[in-house]
Amino acid sequence: IVRPIVFDGAEQKISALCAVAPEVSFPGSTFCFTGASSRYKRSEFEFKVRELGGEAIPNVTAKLNYLVIGAEGNPCWAFACYGRKVEKAVELRRKGVKVVILHENDFQDAVLDA
């Protein structure tokens, strides 16, 4: 999927947002969630992260390790740019910060494997 994203007032195209078969480590890692999930509430995701030794944080910062995108996404993404959390994560990656963007399904697989 390729959608426009705006950085510093200029529209750019990005693709392959989510990591493919990501390795996810919970202990000591930070997680942030965006988009919607039809399976779980955000508080349930955050509880699972804490239960596995990670930390759930509300915003994308340079301290973030994983941004999890809900399987339902955000209805606005079909018509416009990605949300601010995704934009910020992509911006941080462009600056050399290692932020893994992963799909909710990959997050669930990692939870089951933990």
**OP:** Mind running side chain to side chain contact (heavy atoms under 4.5 Å, CB included) on R84 and E87 for me, showing each step along the way?
**Re:** CA-CA 5 Å; R84 298 289 178 235; E87 288 177 356; 2.7 Å; yes

Original post:
Can you tell me how far the OH atom of Y66 sits from the SG atom of C32, to the nearest 0.5 Å?
Top reply: 14.5 Å

Original post:
Taking C-beta and beyond as the side chain, do V49 and F107 meet within less than 4.5 Å on heavy atoms?
Top reply: yes

Subject >> Ring-ring centroid check F31 F26, cutoff 6.0 Å >> reply: yes

Subject >> Minimum side-chain heavy-atom gap V86-I69 below 4.5 Å >> reply: yes

Subject >> Nearest heavy-atom neighbours spanning S29 and N65 >> reply: CA-OD1, 3.3 Å

**OP:** Would you check if L102 and L67 make a side-chain contact, meaning some heavy-atom pair closer than 4.5 Å?
**Re:** no

**OP:** Please name all residues satisfying salt bridge (charged side-chain N to carboxylate O under 4.0 Å, His left out) with E104, sequence neighbours left out, ordered by chain then number.
**Re:** R39

Subject >> hydrophobic_cluster_shared for I101 and L92, side chain cutoff 4.5 Å >> reply: yes

Name each donor-acceptor pair under 3.5 Å that joins a side chain in residues 55-62 to protein atoms two or more places apart or in another chain, with its distance.
unit_1 : atom_1 : unit_2 : atom_2 : d
T61    : OG1    : K63    : N      : 3.1

Original post:
Quick one: does H103's side chain get under 4.5 Å of V68's, heavy atoms only?
Top reply: no

**OP:** Supply the members, apart from L112, of the Ile/Leu/Val/Met/Phe/Trp/Tyr cluster built from side-chain contacts under 4.5 Å; use none for a lone residue.
**Re:** none

Original post:
For the residue pair L64 and V99, what are the closest heavy atoms and their distance?
Top reply: O-CG2, 3.7 Å

**OP:** With rounding to the nearest 0.5 Å, note down the distance linking NZ in K48 to CD in Q108.
**Re:** 9.0 Å

Original post:
Is there a donor-acceptor pair under 3.5 Å between the side chain of R42 and the backbone N or O of G35?
Top reply: yes

